[in-house]
Amino acid sequence: MRVPIIAGNWKMFKTVEEAIALVSELSKKVQDVEGVEIVVCPPFTALDAVNEVLNDSQIVTGAQNMFWAKEGAYTGEVSPVMIKNVGCKYVILGHSERREYFGETDETINKKIKSAFEHALIPILCVGEKLEQREAGLTEQVVRTQTEGALAGIPAGQVSQLVIAYEPVWAIGTGKTASDEDAQKVVAYIRKVIAELYEADTAQQVRILYGGSVKPENIAGLMKQPDIDGALVGGASLDAESFARIVRFKWR
Ligand SMILES: O=C(CO)COP(=O)(O)O
C-alpha cells in the first residue's frame, strides 16, 4: 500500500518571516489529518527556520535542489549533508525549471539522485514533456528517456523508496491541468517503465505524483486515478488555506 503524498514546491517565494507564518498556519489546519504524508519544500534560506517550527508537527520538509558533492569548492551550491543537517527528508531533483533555466541534464540529475540516496535523502524526481513534445506524440518517449537516464545504476532497493512527480511542462503555472485520464495514462506508463527496468514489485512501491496547476478544485479527480499517489503543488502551496484544502480533500 503506497502512502499518498501531498508536497508543496514553494519555488523562489517566501522570506524567512513569510515562511514561518505560512507553516505555522498550515500546521494548525492539518494537524488532525491522517493517512497522507505532507511535505513542504521552501527555499534553502528558510529550511532551517521551517524545520524548527515543524519540529513536532507531522509535516516534513524537502529541499528544491542540491549539488551532488558532499562538500567542496563549489561556489553557490548546497550539499546533501547540509540539507540533511537542517532536517530535510526529501529533495526535489530535475524539476523542469532546473532543466530549462539551469542546464540540468538526465546525467547530472542521475548523479544527484545517487548522492541523495547515499545521504539518506529521498529524491522527488520530476519528469514531464513540453507542449511541442506532447503535440508531436512524444510524451511517452520523453518520460521514458528522463526516467531511464535519472535511474541509471540505481539499485532496486533504493528505487522502491523513490518518489516521482509527473509534471507536464505545459501545465506548470499555466492553469491548464492534464485531464485526470491523461495524467493517469502517463503515470501508469512511468510505472511500466520502472517495472521493465526493475521488477513489478519495485514499480508498485514507487510513489508517483502528478504536478501542474493542482488546486483544491481538481485534486479529487486526480486522486481517484489508480496510479496517482499524490501531488506536487506549486502556486497553490503558497497559501495555507488552499494547500490545506488540497491536503484535506480525500482524508476528510
Ligand atoms: O511545478 C510545479 C510543482 O513543482 C507545479 O506548479 P503549479 O502548481 O504552480 O502549476
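When a residue number appears, it is its place in the shown sequence, counting from 1. Remember, it's 1-based here, ligands and their atoms both numbered in the order they're listed.
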Just list the side-chain donor-acceptor pairs under 3.5 Å for residues 151-158, sequence neighbours left out, or say none.
none

**Message:** Under the rule for side-chain contact (heavy atoms from CB on, under 4.5 Å), what residues qualify as partners of V169, not counting sequence neighbours?
**Reply:** S96, K130
**Prompt:** Counting distance only, does the side-chain N/O of D48 pair as donor-acceptor with the main-chain N or O of G87 below 3.5 Å?
**Reply:** no
**Complete:** Tracing side-chain contacts under 4.5 Å among Ile, Leu, Val, Met, Phe, Trp and Tyr outward from L209 reaches I5, V39, V60, Y90, I92, I122, I124, V163, L232
**Between CD on residue Q31 and OG on residue S57, distance to nearest 0.5 Å** = 9.0 Å
Under 3.5 Å, N/O to N/O: give me all the pairs between ligand 1 and the protein, one per line with atom names and distance.
from: ligand 1; atom 1: 1 (O); to: K11; atom 2: NZ; distance (Å): 2.8
from: ligand 1; atom 1: 1 (O); to: H95; atom 2: NE2; distance (Å): 2.8
from: ligand 1; atom 1: 1 (O); to: E167; atom 2: OE1; distance (Å): 3.3
from: ligand 1; atom 1: 4 (O); to: N9; atom 2: ND2; distance (Å): 3.0
from: ligand 1; atom 1: 4 (O); to: H95; atom 2: NE2; distance (Å): 2.9
from: ligand 1; atom 1: 4 (O); to: E167; atom 2: OE1; distance (Å): 3.2
from: ligand 1; atom 1: 4 (O); to: E167; atom 2: OE2; distance (Å): 2.9
from: ligand 1; atom 1: 6 (O); to: K11; atom 2: NZ; distance (Å): 3.3
from: ligand 1; atom 1: 8 (O); to: S213; atom 2: N; distance (Å): 3.4
from: ligand 1; atom 1: 8 (O); to: G234; atom 2: N; distance (Å): 2.9
from: ligand 1; atom 1: 9 (O); to: G235; atom 2: N; distance (Å): 2.8
from: ligand 1; atom 1: 10 (O); to: G173; atom 2: N; distance (Å): 2.6
from: ligand 1; atom 1: 10 (O); to: S213; atom 2: N; distance (Å): 2.8

**Message:** Run Y198 and Q205 through side-chain hydrogen bond (donor to acceptor under 3.5 Å, both in side chains) and show every step you take.
**Reply:** CA-CA 11 Å; Y198 298 89; Q205 290 175 62; over 6 Å; no
